[in-house]
Amino acid sequence: MSKLSIVVPCYNEEESIPLFYPAVEKVVKDMPLEVEYWFVNDGSADNTLEELRKLHEQDSERVHYVSFSRNFGKESALYAGLEATTGDYVVVMDVDLQDPPEYLPEMYQSITSGEYDCVGMRRTDRKGEAKIKSFLSDQFYNVINKISDTKIVSGARDYRMMTRQMVDAVLSLTEYNRFSKGIFNWVGFNTKYLPYKNVERVAGTTDWSTWKLFKYAFDGIYDFSETPLSIATWIGGISSFIAVIGMIFVIIRHFVEPDSSMFGWASLVCIILLIGGIQLFCLGVVGRYIGKIYMQTKNRPIYIVKEKK
Ligand code: UDP
Ligand code: MG
């Protein structure tokens, strides 16, 4: 019998945990699977840990938890959870039931068909979410998909079931600044997305303010793209180009209209533009090297093998 590991990051979720466990149990008990839970208490300030201890006492064979010394963030919690799992398949779920357990059988069916290494869930709407948040999210996906080689599917949540092979690949990326949405795609493999309608939290409140999401979005861009570093090169190049055009203009004008009063300041503007441009351009070039060093220090694997005989 195959084993399914369920990874659940929890941060201040004392109210959600007692609702989450029975909801998932109800679904998995009908599945032909052995199940293990790996809850990660991400330095909660409430009684999350007590709730997890209670669950572990109830069902010590199957329910396990890792508890952090402080809040390290969801990304770190996911990594710790994935690292602890032993199942043939691993599913990552939020504890607030925004990732409906009802889809587990369908996900499992798709993944065991052998065609896919990963089955993810994709929201088709953003009901119950502030307009500005949805707008910013859409813009984020537009931008990152334009400037990064790693494509990120809009609306895809972290709720996904993966094969052991893919989990090991995700774990082989040991970088400190983790952006899971990007990492799941970076490692490759075949992913199928099942669409579903947005569900609101059962209890508690989200810890993600718009500002926090904004910062998270920028982290994603920095982690998966070197484009911001080349912005200086572009601006520098363009301003140098304008300067050169301006100079030609000034010189021609000097011959056509020798006593124009415009000569002095116009040539000065051109020189300032040119020097500024060259400086920015050089900064951009340095930036490119820093970008390479940055990517190298992540120590990402050079390739990931899917099959070898
Ligand atoms: N979470 C976490 N550490 C954090 C913030 C959140 O482990 O610092 C967990 C949280 O308990 C939940 C999941 O990550 O299980 C998603 O968080 P939330 O529901 O607040 O985010 P949203 O669903 O709004 O994206
Ligand atoms: Mg949530």
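Keep in mind it's a predicted model, so treat the numbers as computed, not measured. All heavy atoms count here, side chains included; hydrogens, waters and symmetry mates do not. Counting starts at 1 for both ligands and their atoms, in listed order.
Looking only at its N/O/S atoms, Asp96 has OD2 as the one nearest to the Mg ion (ligand 2).
In terms of polar-atom proximity, defined here as any N/O pair under 3.5 Å, Lys212 makes no such contact with ligand 1. Remark: ligand 1 and Val95 share an N or O pair separated by less than 3.5 Å (distance only, no angle test).
Residue, atom and distance of the protein heavy atom nearest to atom 16 (C) of ligand 1 are Asp94 OD2, 3.2 Å. Here the protein heavy atom with the shortest distance to atom 21 (O) of ligand 1 is Trp208 CD1, 3.0 Å. Considering only non-hydrogen protein atoms, atom 24 (O) of ligand 1 sits nearest to Thr206 OG1, 3.0 Å. In terms of protein heavy-atom proximity, atom 6 (C) of ligand 1 is nearest to Tyr11 CB, 3.9 Å. Among all protein heavy atoms, the one lying closest to atom 9 (C) of ligand 1 is Pro9 O, 3.7 Å. Of the protein's non-hydrogen atoms, the one nearest atom 11 (O) of ligand 1 is Glu13 OE2, 2.6 Å. What sits closest to atom 14 (O) of ligand 1 on the protein, heavy atoms only, is Lys74 CD, 3.2 Å. Nearest to atom 18 (P) of ligand 1 among the protein's heavy atoms is Arg201 NH2, 3.5 Å.
Taking every heavy atom of Arg157 and a limit of under 4.0 angstrom, the matching atoms of ligand 1 come to 23 (O). With ligand atoms numbered from 1 in the order given, ligand 1 contributes 2 (C), 3 (N), 4 (C), 7 (O), 8 (O) to contacts under 4.0 Å with heavy atoms of Asp42. Of all atoms in ligand 1, listed by their number and element, those nearer than 4.0 Å to a heavy atom of Asp96 are 19 (O), 23 (O). Near Gly73, meaning under 4.0 Å from one of its heavy atoms, ligand 1 places the atoms 3 (N), 8 (O). Close approach of ligand 1 to Gln98 (heavy-atom distance below 4.0 Å) involves ligand atoms 19 (O), 22 (P), 23 (O). Those atoms of ligand 1 that come under 4.0 Å of a heavy atom in Cys10, given as number and element, are 7 (O), 11 (O).
By the criterion of side-chain heavy atoms lying less than 4.5 angstrom apart, applied directly or through intervening Ile, Leu, Val, Met, Phe, Trp or Tyr residues, Tyr103 is grouped together with Ile111 in one hydrophobic cluster.
At a heavy-atom cutoff of 4.0 Å, ligand 1 is contacted by the side chain of Asn71 but not by its backbone.
Nearest heavy-atom pair across Pro18 and Glu51 is CG-OE1, 3.5 Å. Scanning all heavy atoms of the two residues, the minimum distance from Phe224 to Ser148 falls at O-OG, 2.8 Å.
Partner of Val167 under the side chain to side chain contact (heavy atoms under 4.5 Å, CB included) criterion, out of Asp88, Val187, Val90: Val90 alone.
A side-chain N or O of Tyr216 and one of Glu75 form a donor-acceptor pair less than 3.5 Å apart. Remark: the Ser2 side chain and the Glu34 side chain contain no N/O donor-acceptor pair separated by less than 3.5 Å. For the 3.5 Å distance criterion, the side chains of Asp42 and Asn71 qualify, holding a donor opposite an acceptor.
For Arg70 and Phe72, the positive end sits near the middle of the six-membered ring, less than 6.0 Å away and at most 45° from its axis.
Between Glu57 and Lys54 there is no salt bridge, since no side-chain N of the basic residue sits under 4.0 Å from a carboxylate O of the acidic one. Between Asp223 and Arg178 there is no salt bridge, since no side-chain N of the basic residue sits under 4.0 Å from a carboxylate O of the acidic one.
The ring of Phe140 has its center no closer than 6.0 angstrom to the ring center of Phe214.
Taking CG of Asn185 as the reference point, atom OG1 of Thr150 lies at 7.5 Å (rounded to 0.5 Å).
Residue contact annotation: Met93 has no non-hydrogen atom under 4.0 Å from ligand 1.
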